[in-house]
Participant: 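Following this message is one structure expressed as structure tokens.
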Amino acid sequence: MEFDRLFQSQLDQLKEEGNYRIFAELQRECGAFPRVQNHGHGQDEVTVWCSNDYLGMGQHPTVMNAMIETVKSCGTGAGGTRNISGNAHHHKLLEAELADLHHKEDALLFTSGYVSNWAALSTLGSRLPNAVILSDELNHASMIEGIRHARCQKVIWKHNDPADLDRKLAGLPANATKIVAFESVYSMDGDIAPIAEILDVCEKHGALSYIDEVHAVGMYGPRGGGVAEREGLMDRITLIEGTLGKAYGVVGGYISGSRALCDFIRSFASGFIFTTALPPAVAAAATASIKHLKESSVERDMQKRQVARLRARLDAEGIPHEKNASHIIPVMVKDPVKCRMLSDILMDQFGIYVQPINYPTVPKGTERLRFTPGPLHSDEDIEFLVQALKTLWKQCAIAHAVA
């Protein structure tokens, strides 16, 4: 059988639908972000508008120096799994920092936020007796994958709808171990969950609460503990999951909770047991980033200012964007071909990089450009972006919002 022909036929279908993805070849330069070198088509230097390095911590001197000095003292790799090579001292220091961040007894590191969700949810669902996982219908792919591998009963509840969650929980058997999984900030629409109301329902039914705060840690709360910290709810949540690869500017994922919970996941999760640990230098850099953002609000304050400024300018020019209370600004195009075309023109003609978001990341017909203004975007950057969008919206005959 000619396998390449099978592969190519499905790739061709993606292209016909406008959902084939092309990745830009970009090179970040310390001190220049959000401007990066472009090694692909278009202008040599472009401004990045869709990075999840929300606060620019990936080039913060304190974070970089921590990584460099730890490489000098410890080398580059961890030497294998923690099961084989043991805990690096920097792993334990980082886990203690994370536990303190969320006011929990313990934390456990993973190689990415995807893996931490996959490993934790699959372990909870497969090991707890009569487990039922109740998942918000817009949960991230990593959570869905973890639930799938749990091989337990699953129930989908309406997005951010505590009343529907209440009804679904009430319909479960009395002996069910109930696990409610949801996010705080949803990355594509940028909306924020009604966490307090969801926790009320969880407590009413004796359910374990599992929150994904990957797009919120570092960003919200007085110390960057996420939306749950901002709203004073961390102590009511059983498990808080997060990432080190977005606002903290490094890489890795984690869970935090009680000592017994973290030890349970450590002891049974294949996604932890059988994968190579994060390099000590990565752990040291993440620790430095968390410590800095616990004390500094400068980055968060400036980021909020630039988000508000971009929203106001988009409104003034009638460019349609989803209204939400987060830092994520989805500009709606609702056509995969036009979304790809707009992204290409912005890159080639204006030196603006924003990746088109299409199916399967979002439902067909809801294609968008997802902007994430940061503290390092200048007022001039924002004005240049808005004028470029204004020009293209006219050229492409895309409906303006009511100004």
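Index from 1, following the sequence.
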Participant: Between the side chains of Q306 and D379, does any donor sit under 3.5 Å from an acceptor?
Facilitator: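 The criterion, which ignores hydrogens and geometry beyond distance, is satisfied for D379 and Q306.
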
Participant: Going by distance alone, is a donor N or O of one side chain under 3.5 Å from an acceptor N or O of the other, for S184 and E213?
Facilitator: yes

Participant: For H140 and D212, does a side-chain donor sit closer than 3.5 Å to a side-chain acceptor?
Facilitator: no

Participant: Taking atom CZ as the centre, does R313 end up with more than 12 heavy-atom neighbours from other residues, nucleotides or ligands that are less than 6.0 angstrom away?
Facilitator: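 Buried by this count: over 12 neighbours within 6.0 Å.
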
Participant: Going by atom types only, do H321 and D315 share a side-chain donor-acceptor pair under 3.5 Å?
Facilitator: yes

Participant: With a 4.5 Å limit on heavy-atom distance, are the side chains of R340 and Y20 in contact?
Facilitator: no

Participant: Is there a donor-acceptor pair under 3.5 Å between the side chain of N52 and the backbone N or O of G245?
Facilitator: no

Participant: How about CG on D44, more than 12 heavy atoms from neighbouring residues, nucleotides or ligands closer than 6.0 Å, or not?
Facilitator: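 It does not: D44 CG has 12 such atoms or fewer within range.
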
Participant: Would you confirm whether H377, through its side chain, and G374, through its main-chain N or O, come within 3.5 Å as a donor-acceptor pair?
Facilitator: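 Answer holds: yes.
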
Participant: Does K304 NZ have over 12 foreign heavy atoms under 6.0 Å away?
Facilitator: yes

Participant: Measuring only between side-chain heavy atoms, which start at C-beta, is E367 closer than 4.5 Å to T361?
Facilitator: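 The answer is no, as the side chains (C-beta and beyond) never meet within the 4.5 Å cut-off.
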
Participant: Y54 and side chain to side chain donor-acceptor pair (under 3.5 Å): which single residue from H215, K246, Q303 fits?
Facilitator: H215

Participant: Donor-acceptor check, side chain of R223 to backbone of D100, threshold 3.5 angstrom: yes or no?
Facilitator: yes

Participant: Test your reading of the model: is there a side-chain donor-acceptor pair from R305 to the backbone of P375, 3.5 Å cut-off?
Facilitator: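 Not a single qualifying donor-acceptor pair exists.
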
Participant: Check whether any side-chain heavy atom of S51 sits under 4.5 Å from a side-chain heavy atom of R28, and report yes or no.
Facilitator: yes

Participant: Is there a side-chain contact between I345 and F350, using heavy atoms and a 4.5 Å cut-off?
Facilitator: yes

Participant: Do S126 side-chain atoms and S122 backbone N/O form a donor-acceptor pair below 3.5 Å?
Facilitator: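 It does hold such a pair.
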
Participant: Any side-chain heavy-atom pair from K104 and I240 closer than 4.5 angstrom?
Facilitator: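 With C-beta onward as the side chain, the pair touches.
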
Participant: Quick one: are E95 and L108 in side-chain contact, heavy atoms under 4.5 Å?
Facilitator: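 When only atoms from C-beta onward are counted, L108 and E95 do touch, with a gap below 4.5 Å.
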
Participant: Would the distance check show the side chain of T177 and the main-chain N or O of P129 forming a donor-acceptor pair, the cut-off being under 3.5 Å?
Facilitator: yes

Participant: Does atom NZ of K294 have more than 12 heavy-atom neighbours, drawn from other residues, nucleotides or ligands, at distances under 6.0 Å?
Facilitator: yes

Participant: What's the verdict on salt bridge (charged side-chain N to carboxylate O under 4.0 Å, His left out) for E137 and K158, showing C-alpha distance, side-chain angles and the deciding distance?
Facilitator: CA-CA 6 Å; E137 65 180 339; K158 293 178 183 177; over 6 Å; no

Participant: So does H89 have more than 12 non-hydrogen atoms from other groups sitting under 6.0 Å from NE2?
Facilitator: no

Participant: Does A277 have any side-chain contact (heavy atoms from CB on, under 4.5 Å) partners at least two apart in sequence or in another chain, and if so, which?
Facilitator: A78, R82, H91

Participant: Check whether any side-chain heavy atom of D189 lies under 4.5 Å from a side-chain heavy atom of N324, and answer yes or no.
Facilitator: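 Contact flag for D189/N324 side chains = no.
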
Participant: Could you check whether any side-chain heavy atom of M188 comes within less than 4.5 Å of a side-chain heavy atom of I357, counting everything from C-beta outward?
Facilitator: yes

Participant: Does CZ belonging to R151 count more than 12 external heavy atoms closer than 6.0 Å?
Facilitator: no

Participant: According to ring-ring contact (aromatic ring centres under 6.0 Å, His included), does anything in residues 263-320 pair up with another residue at least two apart or in another chain? List the pairs.
Facilitator: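 Qualifying pairs, neighbours excluded: H60-H292, F110-F272, F264-F268.
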
Participant: Do D12 and S9 have side-chain N/O donor and acceptor atoms under 3.5 Å apart?
Facilitator: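 There is no such pair between these side chains.
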
Participant: What do the steps show when you test H159 against Y186 for ring-ring contact (aromatic ring centres under 6.0 Å, His included), and what is the final call?
Facilitator: CA-CA 10 Å; H159 178 54; Y186 287 82; 4.5 Å; yes

